[in-house]
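Atoms within each ligand, like the ligands themselves, are counted from 1 in listed order. Count residues from 1 along the sequence.
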Amino acid sequence: MEKKLVIVLALATIAALSTLGANAQQASGANKQKVAENFKKADANGDGMLTRSEFERLIQLNAEANIGQAAQIVRFGRYDMAFNRIDADRNGLLTPQEFQAFAR
Ligand SMILES: [Ca+2]
Ligand SMILES: [Ca+2]
């Protein structure tokens, strides 16, 4: 009986620790979190991918949050250049994966 309790407690501790680990990772990637948030906001039709015009909205949101080079892209109107760089498979749509790969 007591042995069982120890095992349950140990499992609960492991679960709690891995939750903490995940939280710590999220905190260190605060910008990433914000970019993911902005990605959702910018995705007007909610298909999980960004078109060129949805991308423009994302960059504007990122610029407001002072993330990466977004402010410069807005300032110089370099949306096309940025879009083409991030769109790794050149299908005219940005997936979160393409975006994360670029932001890394
Ligand atoms: Ca979309
Ligand atoms: Ca793509």
Side-chain angles (χ1 to χ4, degrees):
M1 181 72 181
E2 208 173 63
K3 214 173 198 178
K4 209 172 183 182
L5 186 66
V6 170
I7 292 168
V8 169
L9 280 176
L11 286 176
T13 308
I14 291 166
L17 283 176
S18 33
T19 308
L20 274 179
N23 284 345
Q25 258 177 4
Q26 269 172 15
S28 74
N31 273 358
K32 236 178 195 178
Q33 182 90 8
K34 186 80 189 161
V35 170
E37 237 172 70
N38 288 346
F39 195 103
K40 269 190 202 145
K41 271 192 212 163
D43 183 16
N45 66 354
D47 67 351
M49 294 178 285
L50 297 188
T51 61
R52 169 65 177 71
S53 64
E54 287 171 342
F55 171 73
E56 204 164 309
R57 176 84 186 117
L58 172 65
I59 292 300
Q60 279 158 7
L61 288 169
N62 283 355
E64 277 165 30
N66 217 5
I67 292 170
Q69 300 182 319
Q72 273 106 306
I73 295 170
V74 171
R75 198 163 155 209
F76 298 106
R78 291 197 170 153
Y79 298 104
D80 280 327
M81 208 186 80
F83 188 90
N84 291 335
R85 255 203 222 169
I86 300 167
D87 186 17
D89 63 2
R90 311 238 158 221
N91 68 347
L93 287 168
L94 300 188
T95 62
Q97 287 78 12
E98 283 173 333
F99 213 85
Q100 297 290 356
F102 183 80
R104 198 166 292 153

Can an N, O or S atom be found in M49 less than 3.0 Å away from the Ca ion (ligand 2)? no

I'd like to know if the Ca ion (ligand 2) has an N/O/S atom from A88 within less than 3.0 Å of it, counting both backbone and side-chain atoms. no

Does NZ or CZ of R52 come closer than 6.0 Å to the centre of the six-membered ring of F55, within 45° of the ring's axis? no

Atom name, E54 (N, O or S, nearest to the Ca ion (ligand 1)): OE1

Here the N/O/S atom of D43 closest to the Ca ion (ligand 1) would be OD1

Among the N, O or S atoms of D89, the one nearest the Ca ion (ligand 2): OD1

Please state the angle at the Ca ion (ligand 1) spanned by OD1 of N45 and OD1 of D47: what is it, rounded to 10 degrees? 80°

L93 O to N91 OD1 via the Ca ion (ligand 2), rounded to 10°, gives 80°

Looking from the Ca ion (ligand 2), what is the angle between OE2 on E98 and OD1 on D87, to the nearest 10°? 100°

Distance (rounded to the nearest 0.5 Å) between D43 CG and R57 CZ: 12.5 Å

I need the L50 CG to D87 CG distance, nearest 0.5 Å. 10.5 Å

Side chains of L61 and K34: closer than 4.5 Å at any heavy-atom pair? no

Quick one, F99 and K32 - any side-chain contact, counting heavy atoms below 4.5 Å? no

Do other residues, nucleotides or ligands put more than 12 heavy atoms under 6.0 Å from the CD atom of Q72? yes

